[in-house]
Amino acid sequence: MAETVLIPAEGYVLQKVRIKRLSSKNIIVSDHGPWCVLDDEQWDRVLNNALLPSEPLFADLEKKGIILTENNLRMVTSQYKERYSHLFIGPSLHILVITKRCNHKCVYCHMSAARGDMAEFDMGKETARKTVDFIFKSPTPTLHIEFQGGESLMNFDVIKEVVLYAEKVNETKKRTLEFSLVSNLSLMDEEKLMFLLDHHVHICTSLDGTEEIHNHNRRSELRGFNSFATTKRWIDRIRAEYQKLGSDRDVSALITINRNAIDKAKEVIDAYRECGFSMIHLRSLNNLGFASRSWHKIGYSAEEFIRFWQEGIEYIIGLNKKGEFFRERTAIIMLQKMLTTINPNYVDLSSPCGACVSVLTYDYNGKIYSCDEGRMVGDDTFCLGEIQDEFKDLMGSKKACAIVTSSINDLSFCDECAWKPYCGLCPVHTYQQSNSLVPLNIQDDRCKILMAQFDFLMEKLVTDDAFAVLARRWVSAGLPKELRGCREIFI
Ligand code: SF4
Ligand code: SF4
């Protein structure tokens, strides 16, 4: 039964909060997100229920919902609801592994791709249509279908089949239907591009930084093939078409950082700038698939990645100070959680995470997994069933419940962490580390990286006024148009 909060008529109840000591300041973070900085004397008075309604501090903490009063209960409840809004929608991201084949042999490949000539690893047209039928059983108003591989363009006919069939089904279902394609672009041609543009398929590629780093990591099956030059040429070509269409879209690019880039933060950021991007996502390498076999050659420690990321963010801040608007995606997601009431709905950093809740992945053979990484662990721990199963049986299955539960950060070590409201566990990572869905290893590398990133950003927010202004600009630029510039969403 829900606990009733009894609030004294003229007083307050302290919200569930956690404390972090940074730069000799007490950062008080409430369970629903808003935070404040208090000195020891203020914190002592808040704790001892000694704040008076006439004090400015009372009004400030009431506005943030850090203390609960009769006046703010409704607002705090709706902010809680927004923070967990991903729980009330259903899976909207549907990732189709259109083929397991790939014409590249990347050193860190997460999904153990099959050779380019092994057509038995392609999704067939019938499986594709049944997958679309299954996807439409998800109750969400928006359905986003993402084509993944291997190299997805190796099975372009089935991509076409899915797009055309989904559009036909949607004539009666009337959902908001979106498509995206993840590809190394090496097999792109004008005909494929025109189809993708005509059907509003968003294009996302991989770009690992400089030509040297990219070509070292992303090797083609064809000897002498320049993967970087091909990707760059198609990025420019696609952009030219967007421009012709008057679209404000851009190609997206994903970077994977391995050991040969871990001391080259500036170089990879400059490479993105030179390719015309104004954002980069500095993500650490997952110890999955081929990457785990060659981890001793391509991996690095949490400390090395933290140094890399912080150096990158400092460099990006410097670029912004010189007048260039350039952003980093992890920082934006974290800052959005720290500074606004709007849920960025980022599947890898929520509690519960997006696995089963917001995303499902369909393998080439009709098996359904909880998320993209769930298919890469080397066994069927994250396999929920198959496309012929009933949607509601699969979503309500014991396995789906176990996966969702294992991503909730209510464990003792997270429950004491100030960043708990902004963070979440990754069951795939947990499974890779401990062969179990129950996290046993307190403060593993993932946690170390996240904690250092949250610490770094919060320390900057509370000690550097210019950064606090810039952080709001970064977050604002990523919000839906109608919310940009809206001051009320900042807490
Ligand atoms: S299980 Fe891990 S990789 Fe999969 S959605 Fe959750 S956080 Fe992301
Ligand atoms: S995973 Fe680490 S950083 Fe995240 S809430 Fe748990 S203890 Fe904090």
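Both counts, for ligands and for their atoms, begin at 1 and track the order of listing. Quantities reported herein were computed from a predicted structural model and do not represent experimental measurements.
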| task | State, to 0.1 Å, how close I403 and A355 come at their nearest heavy-atom pair, and which atoms those are. | result | CG2-CB, 4.1 Å

| query | Looking at atom 6 (Fe) of ligand 1, what's its closest protein heavy atom, distance included? | reply | C353 SG, 2.3 Å

| said: Looking only at protein heavy atoms, which one is nearest to atom 3 (S) of ligand 1, and what is the separation? | reply: E373 OE1, 3.4 Å

| said: Parallel, tilted or perpendicular: which one describes the rings of F305 and F308, with boundaries at 30° and 60°? | reply: tilted

| said: Holding to salt bridge (charged side-chain N to carboxylate O under 4.0 Å, His left out), I want the full list of residues that pass it with K64, two or more places apart in sequence or in another chain. | reply: none

| Between the side chains of S85 and N343, does any donor sit under 3.5 Å from an acceptor? | yes

| request: Considering heavy atoms of the protein only, find what lies nearest to atom 4 (Fe) of ligand 1 and give residue, atom and distance to 0.1 Å. | output: C371 SG, 2.3 Å

| said: Can you tell me which portion of C426 lies within the under-4.0 Å heavy-atom range of ligand 1? Options are side chain, backbone, both, or neither. | reply: both

| task | Verify the distance criterion only: is there a donor paired with an acceptor across the side chains of D208 and N258 at less than 3.5 Å? | result | no

| request: Considering only non-hydrogen protein atoms, determine which one is nearest to atom 1 (S) of ligand 1 and report residue, atom name and distance to 0.1 Å. | output: P427 CD, 3.4 Å

| request: Measure the distance from atom 8 (Fe) of ligand 1 to every protein heavy atom, then report the residue, atom name and distance (to 0.1 Å) of the closest one. | output: D348 OD1, 2.2 Å

| Rounded to the nearest 0.5 Å, what separation is found between the CG atom of L339 and the OG atom of S476? | 10.0 Å

| note | Listing protein N, O or S under 2.8 Å around atom 2 (Fe) of ligand 2 gives C447 SG

| query | Between Y422 and F454, what is the ring plane arrangement, given parallel below 30°, perpendicular above 60°, and tilted in between? | reply | tilted

| said: With a 4.0 Å cut-off on heavy atoms, is S407 in contact with ligand 1? | reply: no

